[in-house]
Amino acid sequence: MIEFFFDCSSPWTYLAFHNIQPLAKELGAEIVWRPILVGGIFNTVNPSVYAQRETPVPLKARYMKKDLADWARSAGLAIKMPPTVFPVNSVKAMRGCIWLGKDMVPFATALFETYWGGDKDISQDAVLAEICRKVGIDEQKFFAGISDQAIKDQLKTNTEEVVARGGFGSPTIFLDKTDMYFGNDRLPLIREALMRSKASAA
């Protein structure tokens, strides 16, 4: 089983979200999607992210932009970095993923595409309503659903859980509850771990 803790406000998470699905399908692994708020993680255990944004290392920032473009090209995704609104308040979007439960993947995919490819502000109700219409979700039910206290609490609980289990950002990925990986570029290691698991179970 793959647990995928994610916030759509990260471009590296977009890449991992896209790339892990065919990998899981190929190896017969189930993905359990766990929406979180990465800002809550940064505030709790990784405030250095904010310092890096305020005073970036120019050489590192330049390379990161190239690296992201290389990965986006490899995955066939359109990613504008930075988008016009960055960082974005993703709380309503991620509550929407919680509310949709097992049906969240088309919505989450549209969130990533709209924000990173379309450069639209997914914190805005009008943009979220547009995404709902795109993927066939009743927008009135959506906004009522994400206002439910249980949905808000679950997003907070997921965020606290990933921190308690050692996570410090998005995406944080677990295999079999304890084997943790961070980031899109760890997918080759996840592949190897899944293949080892399959071999030992054979």
Check your understanding: Parallel, tilted or perpendicular: which fits the ring planes of Phe17 and Trp33, with parallel below 30° and perpendicular above 60°?
Key -> tilted
Would you call the rings of Phe174 and Phe5 parallel, tilted or perpendicular, taking 30° and 60° as the class edges?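 Geometry flag for Phe5 against Phe174: perpendicular rings.
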Given side chains that start at C-beta, do those of [X] and [Y] come closer than 4.5 Å, heavy atoms only?
X: Thr13; Y: Cys8; answer: no
X: Glu139; Y: Glu130; answer: no
X: Val105; Y: Gln21; answer: yes

What is the minimum heavy-atom distance between [X] and [Y], and which atoms define it?
X: Phe168; Y: Phe42; value: O-CE2, 3.8 Å
X: Met104; Y: Leu100; value: CA-CB, 3.8 Å
X: Phe112; Y: Asp7; value: CE2-O, 4.3 Å

Whether over 12 other heavy atoms sit under 6.0 Å from [X] [atom1]:
X: Arg62; atom1: CZ; value: no
X: Gln140; atom1: CD; value: no
X: Lys60; atom1: NZ; value: no
X: Met81; atom1: CE; value: yes

Check your understanding: Can you list the steps and then say if Ile79 with Tyr14 is a side-chain contact (heavy atoms from CB on, under 4.5 Å)?
Key -> CA-CA 9 Å; Ile79 296 180; Tyr14 183 16; 3.8 Å; yes
Roughly how far apart are [X] [atom1] and [Y] [atom2], rounded to 0.5 Å?
X: Ile20; Y: Leu15; atom1: CD1; atom2: CG; value: 12.5 Å
X: Phe143; Y: Asp148; atom1: CZ; atom2: CG; value: 15.5 Å
X: Ile36; Y: Leu155; atom1: CD1; atom2: CG; value: 8.5 Å
X: Arg53; Y: Ser48; atom1: CZ; atom2: OG; value: 10.5 Å

Check ion pair Lys120-Glu113 (N to O, under 4.0 angstrom):
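Between Glu113 and Lys120 there is no salt bridge, as every charged N stays at least 4.0 Å from the carboxylate O atoms.
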Lys/Arg-Asp/Glu bridge criterion (N-O < 4.0 Å) met for Glu160, Lys156: yes
With distance as the sole criterion, is a donor-acceptor pair present between the side chains of Gln124 and Asp121 under 3.5 Å?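 The criterion, which ignores hydrogens and geometry beyond distance, is satisfied for Asp121 and Gln124.
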With Phe142 as partner, the option from Asp125, Ile131, Leu128 fulfilling side chain to side chain contact (heavy atoms under 4.5 Å, CB included) is Leu128
